[in-house]
Structures are given as C-alpha cells and as structure tokens.
Amino acid sequence: MEDNFPLRYQIACIVLTALFVWTFSIAREPRQWRRLFQSTFYKTEQFSVNKNKVIDEILKTWGIRIAMVVLVADVACFVAGITFKDRMHARDMSADDWYHVNEQNKIQQTAPDSRHSAQ
C-alpha cells in the first residue's frame, strides 16, 4: 500500500476529511457552536437575540464555503496520492522509453477493434 498511496497522502486525507466534517457540522448547526463559543469566552456579557441570529447566518454562509474549499483540497490530495506511483514512474522514464510508449499507443489506436471483427 505504501508504494500505491504514500503515508503522507493518507495522513493529509484523514486530516482534511476530519476538517471538512467539522466545518460542515458547524455550517449545519451554527447555533450550538455559537452557544459553546459564547459560554466559553463571554461569561459576563449579555446576549442579543438579533446579534445571535446574524452570527448564526454568517457562520452558516462562511462554514459552507470553507467546508467546500476543504473538500476540494481533500479530493485533490486523494487524487494526487492515488496517481503518485504512475507520476513517479513517468518522471523516471528515459526519452527512449517514452518513444516506445508513444509507438505502442499509435499501434493500438490504428489497429482494428477485435470486438467488432468477431461479430
């Protein structure tokens, strides 16, 4: 598994997935998170209902945006991890190896399809 999907990509995917779930949960239920934050940091201050509604809407809007950015980064990291082996193999190929690969691709593209000839 290490050659196909390196450990650093696995760790990054796990961290980004956890961050996505956390930010998305904040965006889905902003009231609970706002109350937790206020109870932790604003013990003596009085709360305003209108101000809290505005804060909830801001948390929802920005939480979804941030969650989507994290999700895109997570998917990009996953794709980079999955394609790591092929990218490293392609980087290490010589010019002669590339020539042979290109010739094989040309032959495969010009050859008649064996499925159609059997019918």
Side-chain angles (χ1 to χ4, degrees):
M1 180 77 176
E2 180 64 30
D3 287 340
N4 295 333
F5 197 63
L7 183 62
R8 63 180 178 251
Y9 289 105
Q10 293 176 23
I11 292 171
C13 285
I14 290 169
V15 169
L16 287 171
T17 302
L19 187 60
F20 167 74
V21 169
W22 182 60
T23 56
F24 195 73
S25 70
I26 291 173
R28 293 261 314 167
E29 297 292 333
R31 182 180 299 156
Q32 295 172 355
W33 291 96
R34 177 191 39 83
R35 286 180 180 167
L36 176 68
F37 180 79
Q38 285 177 338
S39 68
T40 305
F41 296 107
Y42 294 117
K43 294 189 186 281
T44 59
E45 192 174 310
Q46 291 186 352
F47 303 118
S48 167
V49 175
N50 292 334
K51 183 179 178 183
N52 289 344
K53 286 183 181 181
V54 171
I55 291 171
D56 289 345
E57 291 301 317
I58 291 171
L59 280 174
K60 184 175 279 192
T61 303
W62 281 99
I64 290 174
R65 289 178 184 173
I66 293 170
M68 292 303 115
V69 168
V70 172
L71 181 63
V72 168
D74 191 16
V75 170
C77 183
F78 180 77
V79 170
I82 292 295
T83 61
F84 179 79
K85 184 178 179 181
D86 293 331
R87 288 185 290 121
M88 291 304 111
H89 177 69
R91 187 184 72 179
D92 296 337
M93 288 176 60
S94 67
D96 191 40
D97 293 336
W98 277 111
Y99 175 77
H100 290 298
V101 168
N102 288 333
E103 288 299 315
Q104 288 176 352
N105 288 338
K106 287 179 187 177
I107 292 170
Q108 288 177 357
Q109 289 174 355
T110 58
D113 193 4
S114 62
R115 292 179 291 164
H116 295 292
S117 61
Q119 294 177 350

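Nothing fancy with the numbering, it's 1 onward along the sequence.
Annotation for Pro30 and Ala27: closest pair CD-O, 3.6 Å, computed over non-hydrogen atoms. Considering every non-hydrogen atom in both Gly81 and Pro6, the closest pair reads O-CD, 3.9 Å.
Note on Ile82 and Tyr9: same hydrophobic cluster, where clusters join Ile, Leu, Val, Met, Phe, Trp and Tyr whose side-chain heavy atoms are under 4.5 Å apart, directly or indirectly. In the hydrophobic clustering of ILVMFWY residues, with side-chain heavy atoms under 4.5 Å counting as a link, Leu71 and Val69 come out apart. Tracing side-chain contacts under 4.5 Å through hydrophobic residues (I, L, V, M, F, W, Y), one never reaches Val79 starting from Ile11; they form parts of separate clusters.
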Counting only pairs under 3.5 Å, give me each side-chain donor-acceptor contact of residues 55-67, with atom names and distances, residues two or more places apart or in other chains.
unit_1 : atom_1 : unit_2 : atom_2 : d
Asp56  : OD1    : Arg34  : NE     : 2.6
Asp56  : OD2    : Arg34  : NH2    : 3.3
Thr61  : OG1    : Glu57  : O      : 3.0

Ignoring hydrogens and angles, write down the donor-acceptor pairs under 3.5 Å from the side chains of residues 15-26, residues two or more places apart or on other chains.
unit_1 : atom_1 : unit_2 : atom_2 : d
Thr17  : OG1    : Cys13  : O      : 2.6
Thr17  : OG1    : Asp74  : OD2    : 2.6
Thr23  : OG1    : Leu19  : O      : 3.0
Thr23  : OG1    : Phe20  : O      : 3.1
Ser25  : OG     : Val21  : O      : 3.3
Ser25  : OG     : Trp22  : O      : 2.7

